[in-house]
Amino acid sequence: MPTTRKKANPAGRRKASAIAYEISDRVALQALTRPYSPVPGAPLTRPLRIFTLDPSVSRRIGGIATVGVPYEDLEPGPVGSIFEIDPGGAPPPLQAAPLDLDHPHLLLSDGLFPSPANGQFHLQQAYAVCSLTYAAFRRALGRDIAWAGAPAVPGGRVRLRVRPFAFRGKNAFYDRAGNELSFGYYRAGKAPAGHTVPGGLIFAGLSHDIVVHETTHALLDGLRAQFHEPGNPDVLGFHEGFADLVALFLHFTHTDVLERAIRDSRGALAGATLLTDLAREFGLASSSPGRSAATRSAVDVDGVQSFASDVPAPGRRGPKAYRPGMEEHALGSLLVSAVFEAFTTVFRRKSERLLRIAGLAPESVGQAELGDALVRALAETASLLAEQFLNICIRAIDYCPPVDMGMGEYLRALVTADADVVPDDKWGYREALMRSFRRRLLFPDHVLFMTEDAVKWRGLDCTVEIPDLAFERLRFDGEPGRAAGVAELERQARALGRFVTAPETASVFHLFAGGHGLKGVEYVSPPRIESIRCARRVSPDGPILFDLVAEVLQSGTVRRGQTLFDFSGGSTIVIDPFGRVRYVIYKKLDSVDRQDLQFQAMRGRLKRYWRREGRRRVPVASLFRALHGRA
Ligand SMILES: [Zn+2]
């Protein structure tokens, strides 16, 4: 639970019936994570070599690539503006001094050559992949993304510490309290599958997918801090699935791997295991020959032909379907396969013209050999489409409720986020998403039709305007993706707080006065302005859309029998440049059904993520360590 430090609207300045509210420390955190900015005369990117998947993938098929990491001045570590790579804990052959990527030799040679035997290279891989993941979020949302962890000193800069050699063990996790990512290493078995050396060392921190996955947990925690509360299996499943989706779509940025996969699969992306497998080496090192498998795959059907949302679910060979009580990682895989299936559907539509120009019938995909020019054209199409899908997935976070999200609500967020930026869906992105979610029985609650108008979040029935939050009243630090500073963010939060807690508007935002007397809740805390941020999105046609996105939370103490636990409700509020409220995406604090579901989950399915503290149940200290320990 974040601390709060300011009580606003003191008595006497407003009507007695206005609801008192608080401003969370998280509002100011947005100004304390300050990433690199383009410096006049400095390069935009720093070329660095990385393993595009992991050390098990041959250089010949694109296993090593030079990537352009956003340029920033670095201290040895590397330590930059948002990441701090910690070389501590390496096993004896790999112990290494901090890496100085600004050394002239490394500047002239695209960094170190990738090798698992060079301890300093592990630091380079972690820095490069973490930075590319951060850059993908920054590009999609048009703003800096703040970490959820507090600064070491009040008001100080917040960096995420990354520890590639954190511990011996087959795990990796993000930890908010320590503000760090920890990657383990372990010895492979005596007869591992794939190219792994028997008894050789396997490092989670050298796996592109695992590093992206953990960085995404940290980014998502910064965007939606309450998704850290294990009150609902869907929220944990979403954290897992979303982290894998980002890793999956970033595969498509590595051209050599992409072209190789398209050539080998003859254009059938669902059959391109180089792209669809996640964390290959980590999985293969734990598999036995003949039963080898990556840690996870984006394709969940028996037979590639079944992996297409243009055809109805084909019986037993169809995709896995949602069922209540699913395990968190199974839920995450369901989300990955639903979104990836929609991606392959749109890719097939977009590639049809290219195939016909090359004299191939679209039905021959997966069978006919493809020429070099066609492979390159298909790879360009796939790469651009993957970037668009990744943008949609990340932008949808701004349209998620602030607490207790269900998978179906993520579909609503995806459809709304995309419709806002691309009103004319001529290639059917949103239709493909709705179909592939439907094929997996991932339905949003309270939606009677799987059509865009029904699935998209509904706007307010009346005009609600907050003039103090109109674009012309906002102050920025040089560019509209960055607020002027802590004082400006707190001014915005106060303007929002005054408005949403006023007697005539509090019910629109489903907020209640603090104290006693709410259904099912023993004690209600005052509403809390949790975040207020801008979203600046560039549509494919060129226009730039600007909104403010805020979270207002309210928590209470619920009693069931002798047990007490915290329970949260609140709204995500999307505000247009004129200060008009476009969406209020809410979860009610007085929902006894949700309270019951959380209580059941805490005693049953999600018991391992909670511990007792007297009569109270509280979340375990390191959620992701527990979650990944189960994978
Ligand atoms: Zn995870």
Side-chain angles (χ1 to χ4, degrees), residues 54 126 129-130 133-134 136-137 145 147-149 160 162-164 166-167 169-186 202-251 277-283 286 294-298 300 326-340 390 393-394 397 400 405 407 410 605-606 608-609 619-631:
D54 57 48
V129 178
C130 286
T133 311
Y134 189 93
F137 277 71
I145 291 89
W147 303 122
L160 190 70
V162 182
R163 302 167 63 209
F167 59 93
K170 198 179 158 193
N171 202 350
F173 54 88
Y174 157 66
D175 179 53
R176 184 199 288 175
N179 217 13
E180 63 186 20
L181 307 183
S182 296
F183 297 94
Y185 59 91
Y186 69 100
I202 306 293
F203 294 89
L206 285 183
S207 163
H208 170 276
D209 298 345
I210 296 176
V211 176
V212 175
H213 182 107
E214 300 310 328
T215 312
T216 300
H217 278 318
L219 285 159
L220 182 54
D221 196 30
L223 292 168
R224 281 287 176 276
Q226 294 293 314
F227 287 8
H228 199 271
E229 302 259 308
N232 156 4
D234 274 25
V235 174
L236 297 185
F238 176 71
H239 241 295
E240 282 305 287
F242 180 70
D244 277 350
L245 272 175
V246 177
L248 178 69
F249 284 128
L250 286 180
H251 286 173
D277 280 357
L278 290 159
R280 290 166 66 88
E281 185 191 47
F282 219 63
S286 327
T295 302
R296 285 189 281 280
S297 168
D300 64 347
M326 268 179 113
E327 193 272 339
E328 303 82 78
H329 295 91
L331 270 170
S333 294
L334 211 57
L335 174 67
V336 174
S337 67
V339 175
F340 189 63
L390 182 56
C393 290
I394 294 171
I397 303 297
C400 291
M405 189 180 66
M407 287 289 183
Y410 186 56
R605 286 270 302 101
L606 303 179
R608 66 197 310 271
Y609 304 114
V620 295
S622 185
L623 177 72
F624 291 99
R625 180 174 213 156
L627 184 59
H628 293 169
R630 192 186 174 94

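Just so you know, these numbers come straight off a predicted model, no measurement behind them. Read the numbers this way: they start at 1 and go in the same order the structure lists the ligands and their atoms.
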Participant: Please list, chain by chain and in numerical order, all residues satisfying ring-ring contact (aromatic ring centres under 6.0 Å, His included) with Y185, sequence neighbours excluded.
Facilitator: F203
Participant: Do V162 and S182 touch side chain to side chain, with heavy atoms closer than 4.5 Å?
Facilitator: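 A side-chain contact is absent here, since even the closest heavy-atom pair is not under 4.5 Å.
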Participant: Where the Zn ion (ligand 1) is the corner point, what angle links OE2 of E240 with NE2 of H628, to 10°?
Facilitator: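 Computed angle, vertex at the Zn ion (ligand 1), rounded to 10 degrees: 110°.
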Participant: Please state whether the separation between the Zn ion (ligand 1) and some N/O/S atom of H217 is under 2.8 Å?
Facilitator: yes
Participant: Given 3.5 Å as the limit, does a donor-acceptor pair link the side chain of E327 with the main chain of H329, or not?
Facilitator: yes
Participant: Of all the N, O or S atoms in H213, which has the shortest distance to the Zn ion (ligand 1)?
Facilitator: NE2
Participant: For H239, check side chain to side chain donor-acceptor pair (under 3.5 Å) against everything at least two apart and list the hits.
Facilitator: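 For H239, the residues satisfying side chain to side chain donor-acceptor pair (under 3.5 Å) (neighbours in sequence not counted) are H217.
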